[in-house]
Protein chains: 2
Amino acid sequence: MTIANRKQREKEEMRSLILDAARTIFLEKGYEQASIRAIAEKIEYSPGTIYLYFKDKDEIFHALHEEGFSRMLKKMQPLQHVQDPFERLKAMGAVYLDFAQNNRDFYDLMFILQAPIKHEIDMEDWKMGHQTLDYLKNILRECQEQGRFRGRDINYLSFTIWSMVHGMSALYCRDRCKAYHDVNLEPKELMENGYKIFISALEKF
Amino acid sequence: MTIANRKQREKEEMRSLILDAARTIFLEKGYEQASIRAIAEKIEYSPGTIYLYFKDKDEIFHALHEEGFSRMLKKMQPLQHVQDPFERLKAMGAVYLDFAQNNRDFYDLMFILQAPIKHEIDMEDWKMGHQTLDYLKNILRECQEQGRFRGRDINYLSFTIWSMVHGMSALYCRDRCKAYHDVNLEPKELMENGYKIFISALEKF
DNA sequence: AAAAATAATGAACAGTGTTCAGCGGACAAA
DNA sequence: TTTGTCCGCTGAACACTGTTCATTATTTTT
């Protein structure tokens with residue numbers, strides 16, 4: 001059975017070889033500008049080979065999509081050590097914004113890009129997305145047990161909060177922060193202070 | 001001088017003929033999937049002709065970009081009749097969200113698409129964008145004169161509010177509202193109730 | 001009516017994602 | 001060891017993309 005094992009291993013090695021190349025090129029050029037030929041050239045194989053390991057460009061995209069969520073979830077791990085749920089909520093938002101700023105292209109891939117969402121959302125791909133969202137909802141529930149956000153629907157509340165941090169992140173990723181260039185405000189400043197205002201609002205809520 | 005006039009008129013007619021076709025195709029297929037050949041075919045001219053009226057695909061995009069802002073500004077006109085600035089602020093957010101939902105692809109074009117923003121933002125293209133943003137800032141100033149949002153920086157405040165409504169709109173446009181499909185919540189519901197929560201937060205702020 | 005200027009064409013170029021007949025080396029059976 | 005069957009891989013080919021430009025057609029000026 002060792003030969004079958006080796007075959008299996010080689011197949012997986014090839015997949016991750018392709019994915020490594022794809023990641024750098026996707027994140028360098030974006031989904032549309034990244035070409036299969038460029039990925040093939042990077043790993044010194046012919047374009048056709050890639051189609052032996054991935055059905056199409058979308059499938060490569062989805063693999064990276066998943067990697068993005070996995071990276072984000074990892075960054076969220078330390079939050080479990082924050083006792084107070086409201087503090088945890090605030091920290092989660094900060095981690096989220098940080099992730100978007102430091103992994104701009106992964107963020108784009110995960111939350112903005114349309115391209116291959118033909119394959120329907122809330123399938124396998126979004127398992128981790130749901131996981132993150134559920135984590136947020138649970139924090140909110142804990143906050144409610146402490147008396148915060150009394151009487152508010154958890155789903156709507158989570159959507160509001162997600163929209164807030166996503167809004168900033170999306171404006172950042174797609175360079176709309178430049179709308180504040182005329183008043184000499186940098187994206188980083190905007191997001192930091194914008195988030196502070198949001199937090200104050202939540203505190204009084 | 002009548003012949004020069006006619007030439008001028010014909011040139012403009014041709015431009016708007018192209019733009020009409022481009023708009024339907026752009027909004028149907030999105031920026032990347034819309035092809036010059038498809039636009040040419042729709043108006044029954046050869047592909048080359050389009051390049052006699054527009055430098056490239058980006059220039060067509062920018063013309064539509066401007067049209068989007070012009071449409072949005074028009075929808076904002078009635079707001080001037082709302083006396084109370086805070087009421088006007090609330091109404092502005094509602095108009096914004098409404099625009100995003102009912103002109104999804106224009107909204108995408110204006111605030112999400114990356115494609116041809118190579119041409120730099122805050123040039124001519126963003127004149128109307130800045131106009132809208134300034135309008136928001138002025139409302140906020142009026143609110144402050146009434147004692148609301150005391151001591152807050154207008155720029156950061158406007159960014160927070162913009163991010164909020166953009167966040168919802170962007171999640172809507174890029175189908176991330178589907179993350180709530182498992183709890184049977186429709187995008188419209190989410191946005192309506194999410195916005196209500198945001199408004200309550202602003203009221204207590 | 002001839003000449004000049006303008007407008008429109010469509011073939012061509014370099015690029016894209018994707019497919020597939022065929023090649024060559026590794027494996028199994030003789 | 002030789003034979004025969006796989007199977008990973010190739011790269012040419014297909015149908016598409018944005019863009020350019022020599023050529024042709026039309027209109028205006030002389």
Side-chain angles (χ1 to χ4, degrees), chain A residues 1-19 21-23 25-26 28-65 109 113-119, chain B residues 1-19 21-23 25-26 28-65 109 113-119:
Chain A
M1 281 283 197
T2 42
I3 62 103
N5 281 8
R6 201 209 61 213
K7 286 278 168 88
Q8 170 84 25
R9 197 185 60 233
E10 282 177 350
K11 191 139 196 149
E12 278 166 17
E13 278 171 1
M14 190 64 171
R15 259 185 81 99
S16 80
L17 186 67
I18 293 171
L19 274 179
R23 184 175 51 244
I25 293 187
F26 267 72
E28 226 167 58
K29 312 224 195 189
Y31 180 78
E32 295 288 349
Q33 295 308 312
S35 78
I36 298 290
R37 282 174 181 80
I39 296 169
E41 199 170 345
K42 182 154 205 131
I43 60 171
E44 295 174 291
Y45 278 83
S46 83
T49 304
I50 290 179
Y51 288 86
L52 299 172
Y53 296 88
F54 294 93
K55 202 177 110 288
D56 53 21
K57 204 181 174 184
D58 281 12
E59 195 171 303
I60 301 176
F61 174 90
H62 274 99
L64 292 175
H65 192 268
L109 218 70
L113 270 187
Q114 192 109 70
I117 307 292
K118 318 161 195 167
H119 283 178
Chain B
M1 280 283 196
T2 45
I3 62 101
N5 279 8
R6 201 208 63 213
K7 286 276 167 93
Q8 169 85 24
R9 198 186 59 230
E10 281 177 351
K11 193 137 195 149
E12 278 167 15
E13 277 171 2
M14 191 66 173
R15 259 185 81 98
S16 81
L17 185 67
I18 294 171
L19 274 180
R23 184 176 51 243
I25 293 186
F26 267 71
E28 226 167 59
K29 312 225 195 188
Y31 180 78
E32 295 288 350
Q33 295 308 312
S35 78
I36 297 291
R37 282 174 181 79
I39 297 169
E41 198 169 346
K42 184 153 204 129
I43 59 172
E44 295 174 290
Y45 278 83
S46 81
T49 304
I50 289 179
Y51 288 86
L52 300 173
Y53 297 88
F54 293 93
K55 202 177 110 287
D56 53 21
K57 205 180 173 185
D58 281 12
E59 195 171 302
I60 301 176
F61 174 89
H62 274 97
L64 293 175
H65 193 268
L109 217 71
L113 271 186
Q114 192 109 70
I117 308 291
K118 320 161 195 165
H119 284 178

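Letters A, B, ... are given to chains in the order of the sequence lines, protein chains preceding strands, and every chain is numbered from 1.
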Using the closest heavy atom to pick a nucleotide of DNA chain D for each, name whichever of B:Y51 or A:M14 lands nearer the 5' end.
-> A:M14
Given atom CD of A:E32 and atom C1' of D:dT17, what is their separation to the nearest angstrom?
-> 11 Å
Side chain of A:P47: nearest nucleotide among D:dG8, C:dA8, C:dT18?
-> C:dT18
Answer yes or no: does atom CD of B:E10 have more than 12 heavy-atom neighbours from other residues, nucleotides or ligands under 6.0 Å?
-> yes
A:S46 vs D:dT10: side-chain N/O to OP1/OP2 distance below 4.0 Å | yes
What integer distance in Å separates B:F61:CZ from D:dG18:P?
-> 15 Å
Which part of the nucleic acid does A:S35 contact within heavy-atom distance under 4.0 Å: base, sugar-phosphate only, or nothing?
-> sugar-phosphate
Specify the closest pair of heavy atoms between B:L17 and B:I43, including all atoms of both residues, with the distance to one decimal.
-> O-CG2, 3.7 Å
Nearest whole angstrom, please: distance from the C1' of D:dT10 to the CD of A:E41.
-> 15 Å
With heavy atoms under 4.0 Å as the rule, sort B:A38 into base, sugar-phosphate or nothing.
-> nothing
Spacing of A:F54 atom CZ relative to C:dG17 atom P, expressed in whole Å = 15 Å
Atom pair distance, as rounded to whole Å: CD in A:E12 and C1' in D:dG8 | 17 Å
Ignoring hydrogens and angles, answer whether the base of C:dG17 and the side-chain atoms of A:R37 contain a donor-acceptor pair closer than 3.5 Å.
-> yes
How far apart are the closest heavy atoms of A:Y53 and A:R15, and which atoms are they?
-> O-NH1, 3.1 Å
Measure from CD on B:Q33 to P on D:dA15 and round the result to the nearest Å.
-> 19 Å
With under 30° as parallel and over 60° as perpendicular, where do the rings of B:Y31 and B:F61 fit, or are they tilted in between?
-> perpendicular
Give a yes/no on whether any side-chain N or O of B:Y53 is located under 4.0 angstrom from OP1 or OP2 of C:dA8.
-> yes
d(CG, A:L52; C1', C:dT18) in whole Å = 12 Å
